[in-house]
Protein chains: 2
Amino acid sequence: MTIQKLKELGLKLTPQRLAILNLLEGNMNHPSAEEIYNQLKPQYPSLSLATVYNTLEILAGAGELQEVRIKSDKRHFDPNSAPHGHFLCRSCESIYDLDSGAYEIKAPFNVNGYQVEECTLYFYGICPKCQAAAKNNGN
Amino acid sequence: MTIQKLKELGLKLTPQRLAILNLLEGNMNHPSAEEIYNQLKPQYPSLSLATVYNTLEILAGAGELQEVRIKSDKRHFDPNSAPHGHFLCRSCESIYDLDSGAYEIKAPFNVNGYQVEECTLYFYGICPKCQAAAKNNGN
DNA sequence: TTACTAAATTACAATAATTATAAATTAGTA
DNA sequence: TACTAATTTATAATTATTGTAATTTAGTAA
């Protein structure tokens with residue numbers, strides 16, 4: 001997720017790409033393409049949603065970020081490309097990283113002849129914040 | 001996934017619902033709504049895609065079947081509602097059940113304060129058939 | 001600096017899965 | 001047999017994403 005990586009991939013360093021990279025760098029919010037677009041639009045009025053999708057597609061294809069399909073309607077993106085689980089809070093709808101040694105699965109491996117190259121792990125439940133909020137409202 | 005279950009849920013036993021139930025019973029193919037629709041259409045020419053979606057929605061909501069979101073474009077449905085992993089072959093695009101004790105995760109549980117009620121496990125790779133086919137073609 | 005060119009961006013149209021709507025039909029019951 | 005709420009149906013609407021074709025631009029080399 002660095003400028004250097006873009007160069008290595010033979011990609012042009014356009015302002016749009018740099019802006020998207022910059023927004024994603026260290027971002028833990030798992031934004032969707034549209035959220036990225038909306039956040040950058042004020043600073044880059046000419047920015048097109050297609051460019052956002054295009055850039056995300058390239059970066060995901062290069063393994064620089066991962067798609068998170070934990071929500072039914074739209075895709076979300078995570079600049080942390082290392083394998084880790086994701087958690088969707090059913091109350092606030094936020095997506096969190098959930099990196100737990102106890103529930104870690106390391107690909108590649110082979111089960112019953114199925115050659116597993118990759119795997120995704122999605123958890124659904126209630127996040128700590130919403131649990132606390134529920135308690136304060138009298139359980 | 002039985003007629004009895006429909007009754008228990010207070011649902012009317014319409015021919016459409018019975019046909020969908022019957023098609024899903026023991027089905028290991030993880031069909032999409034459209035596939036179900038296309039398979040039943042010849043026998044039930046008046047069948048509407050909306051009815052298929054509606055029925056699947058009800059059954060999934062009642063925990064009688066599970067949605068499989070392993071493919072990017074569309075949802076698939078599995079009449080086996082017991083927790084188990086799914087495998088998508090990147091070659092033939094088939095979806096398989098992948099029930100492996102070694103990679104089983106039992107919800108509910110709590111990690112770092114996150115209350116996990118449910119989880120899904122998706123595996124991606126090459127299925128045994130396609131591995132064999134690749135070998136026969138001279139690796 | 002300037003000119004060149006392939007790559008990238010943009011606006012917009014198109015696609016496709018799913019959902020909503022409202023009228024017509026029907027399963028279950030009295 | 002008639003009734004009514006539930007269901008089905010056809011169709012329109014929605015919405016995320018992708019395709020397209022014209023315009024712009026980053027990077028390079030004269």
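Throughout, a chain's letter reflects where its sequence line sits, starting with A, and its residues are numbered from 1. From a predicted model like this one, the values you see are computed outputs, not experimental measurements. All heavy atoms count here, side chains included; hydrogens, waters and symmetry mates do not.
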With sequence neighbours excluded, tell me which residues meet side chain to side chain contact (heavy atoms under 4.5 Å, CB included) with A:Lys74. A:Ser32, A:Glu34, A:His76

Could you check how far OH of B:Tyr44 sits from P of D:dT9, rounded to whole Å? 11 Å

Write down the distance between CG (B:Leu6) and P (D:dA6), rounded to a whole number of angstrom. 16 Å

Can you list the residues that meet the ring-ring contact (aromatic ring centres under 6.0 Å, His included) rule with B:Tyr96, with sequence neighbours excluded? A:Tyr114

Give the rounded distance in Å between these two atoms: CG of A:Leu56 and P of D:dT18. 10 Å

Any idea how B:Tyr122 and B:His86 line up, ring-wise: parallel (<30°), tilted (30 to 60°), or perpendicular (>60°)? tilted

Between protein and nucleotides 22-30 of chain C, map the contacts as a letter string: B base, S sugar-phosphate only, - none, heavy atoms under 4.0 Å, written 5' to 3'. -----BS--

Among C:dT10, C:dT9, D:dT8, which nucleotide has an atom closest to any side-chain atom of B:Arg17? D:dT8

Classify A:Thr51 by what it touches in the nucleic acid, base, sugar-phosphate, or nothing, heavy-atom distance under 4.0 Å. base

Using a 4.0 Å heavy-atom cut-off, write out nucleotides 14-19 of chain C from 5' to 3' as B (base contacted by protein), S (sugar-phosphate only) or - (no contact). ---SSB

Let me know the distance between CD1 of B:Ile20 and C1' of D:dT7, rounded to the nearest Å. 12 Å

Rounded distance in Å - CG (B:Leu47) to P (D:dT8): 9 Å

Counterpart residues, side chain to side chain contact (heavy atoms under 4.5 Å, CB included), relative to A:Tyr53 (two or more places apart): A:Ala33, A:Leu49, A:Arg75

Quick check against the 3.5 Å criterion: does A:Glu64 have a side-chain atom that pairs as donor or acceptor with the backbone of A:Pro79? no

Can you list everything that forms a side chain to side chain contact (heavy atoms under 4.5 Å, CB included) with A:Lys41? Sequence neighbours excluded, please. A:Tyr37

Under the 4.5 Å side-chain heavy-atom rule for ILVMFWY, direct or indirect, which residues accompany A:Met28? none

Give me the other members of the hydrophobic cluster that A:Ile126 sits in, counting Ile, Leu, Val, Met, Phe, Trp and Tyr linked by side-chain heavy atoms under 4.5 Å, directly or via other members. none

Restricting to side chain to side chain contact (heavy atoms under 4.5 Å, CB included), what partner residues turn up for B:Gln43, sequence neighbours left out? none

In whole Å, what is the span from the CG atom of B:Leu18 to the P atom of D:dT7? 13 Å

